[in-house]
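Please read the structure below before turning to the comments.
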Amino acid sequence: MTRPLIGITCYVEPAQFTVWEMTTALLPYMYVEQVVRAGGQPVILPPAGDPASIVSRLDGVILAGGGDIDPTRYAETPHERTGFIRTFRDSAEFSLTDTALKAGLPFLGICRGLQVLNITLGGSLHQHLPDVVGHSGHAPAPGEFGHMPVSVTPGSRLAGIVGEEPVTVPHYHHQSIRRLGSGLNATAHAADGAIEAVELPSHRFALGVQWHPEAGEDGLLFRALVEAAA
């Protein structure tokens, strides 16, 4: 049986491996493992050339996590804590998202990917969530996931995947949705009110989660995406 082809966006950052240190297209291998376990065939999509041009050759797409989005995309000036902006990645991923949605391609946005989805549809972000919620539990320390529960909206597509009971998930984000994009429904929230998931009811499968399911153990969202892609 042919595995559905799942494109996954990636970082471009300085990296060190074996005897080399250079700019590298890279992706945490957890994404790859989750897609393979779910029955998909992962294909890494660097933000170079025109990734949107191959949407017709993919069966599904995952927008992976990463640095902050340039706030001029939603008509704001950068907060002092907004960082790791890569405008070339923004350009590639906003084009890819718009094309994938118009094509009806199954879509899963993870952390930054949820934010790209929201801004593509006209939404905006809280640029530094601790200013809003008064704590840093969503990103407790550099390179350390926070583990916090989220409440899922009953009857949502997300609830059909992960269940309607609160779930504790790995967080690593200092930004979150402020204004929802057009057509999106917020379908999970943290106890502090932060929006933790969205979905686009008009699309056959378009979800975004603010947490990091690739770092979890259940793989439910990846299996749902691959099933939709099949």
Side-chain angles (χ1 to χ4, degrees), residues 8 28-31 33-35 37-38 62-69 79 81-82 84 106-119 121 123-181 183-201 203 205-228:
I8 313 172
Y29 201 63
M30 295 180 290
Y31 288 94
E33 292 175 315
Q34 289 277 16
V35 170
R37 281 200 294 266
I62 295 171
L63 255 66
D68 295 338
I69 298 161
H79 186 283
R81 298 295 296 275
T82 296
F84 301 104
F107 179 99
L108 175 60
I110 293 175
C111 197
R112 169 190 161 91
L114 170 145
Q115 296 168 5
V116 171
L117 173 64
N118 186 58
I119 296 168
L121 296 174
S124 67
L125 303 177
H126 294 295
Q127 289 192 53
H128 192 56
L129 188 55
D131 291 348
V132 180
V133 300
H135 65 87
S136 58
H138 294 277
E144 178 184 328
F145 287 112
H147 293 273
M148 299 171 60
V150 300
S151 297
V152 180
T153 301
S156 63
R157 180 186 290 272
L158 180 64
I161 298 168
V162 304
E164 296 189 353
E165 296 299 316
V167 289
T168 297
V169 291
H171 300 243
Y172 193 75
H173 63 98
H174 83 109
Q175 299 190 335
S176 70
I177 290 176
R178 180 177 182 179
R179 181 181 68 249
L180 267 176
L184 287 174
N185 289 341
T187 54
H189 294 80
D192 55 27
I195 294 174
E196 290 291 333
V198 296
E199 56 192 61
L200 190 60
H203 194 282
F205 188 97
L207 298 177
V209 295
Q210 189 62 77
W211 69 84
H212 282 270
E214 79 281 4
E217 297 180 357
D218 56 42
L220 294 173
L221 285 165
F222 293 92
R223 287 202 293 274
L225 174 74
V226 171
E227 287 171 5

Is any side-chain heavy atom of [X] closer than 4.5 Å to a side-chain heavy atom of [Y]?
X: Leu121; Y: Leu200; value: yes
X: Phe222; Y: Pro213; value: yes
X: Leu108; Y: Leu63; value: no
X: Leu207; Y: Phe107; value: no

Where is the tightest heavy-atom contact between Pro170 and Trp211, given as atom of each residue plus distance? O-CB, 3.2 Å
Do you know the tightest heavy-atom contact between Cys111 and Tyr172? SG-O, 3.6 Å
Would you say the side chains of [X] and [Y] form a donor-acceptor pair under 3.5 Å?
X: Gln210; Y: Gln115; result: yes
X: His79; Y: Asp131; result: yes
X: Gln127; Y: Thr82; result: yes

Please test Leu221 against Val209 for side-chain contact (heavy atoms from CB on, under 4.5 Å), starting from the C-alpha separation and ending with a verdict. CA-CA 9 Å; Leu221 285 165; Val209 295; 3.9 Å; yes
Looking at Arg112, Arg81, His174, which hits side chain to side chain donor-acceptor pair (under 3.5 Å) with Asp68? His174
For Val198 and Asn185, what are the C-alpha separation, side-chain angles and deciding distance, and is it a side-chain contact (heavy atoms from CB on, under 4.5 Å)? CA-CA 5 Å; Val198 296; Asn185 289 341; over 6 Å; no
Counting neighbours of CZ on Arg37 that are heavy atoms of other residues, nucleotides or ligands and sit closer than 6.0 Å, is the number greater than 12? yes
Counting only heavy atoms not in Glu144, do more than 12 sit closer than 6.0 Å to its CD atom? yes
Can any side-chain N or O of [X] pair as donor or acceptor with the backbone N or O of [Y] at less than 3.5 Å?
X: His128; Y: Pro130; result: no
X: Asp218; Y: Leu220; result: yes
X: Asn118; Y: Arg179; result: yes

Could you walk me through whether Ser176 and Ile195 satisfy the side-chain contact (heavy atoms from CB on, under 4.5 Å) test, starting with their C-alpha distance in whole Å, then the side-chain angles of each, then the deciding distance to 0.1 Å, before giving a yes or no? CA-CA 7 Å; Ser176 70; Ile195 294 174; 5.9 Å; no
For residues 154-166, tabulate all N or O donor-acceptor pairs below 3.5 Å that involve a side-chain atom, not counting sequence neighbours.
from	atom 1	to	atom 2	distance (Å)
Ser156	OG	Thr153	O	2.7
Ser156	OG	Ala159	N	3.0
Arg157	NH1	Arg204	O	3.3
Arg157	NH2	Arg204	O	2.6
Glu164	OE2	Gly155	N	3.1

Test of understanding: with ring-ring contact (aromatic ring centres under 6.0 Å, His included), list the residues that count as partners of His173, not counting sequence neighbours. His138, His171
Glu214: which residues meet the side-chain hydrogen bond (donor to acceptor under 3.5 Å, both in side chains) condition with it, sequence neighbours left out? Tyr31, His212
Out of curiosity, Arg178 CZ to Leu129 CG, how far, rounded to the nearest 0.5 Å? 12.5 Å
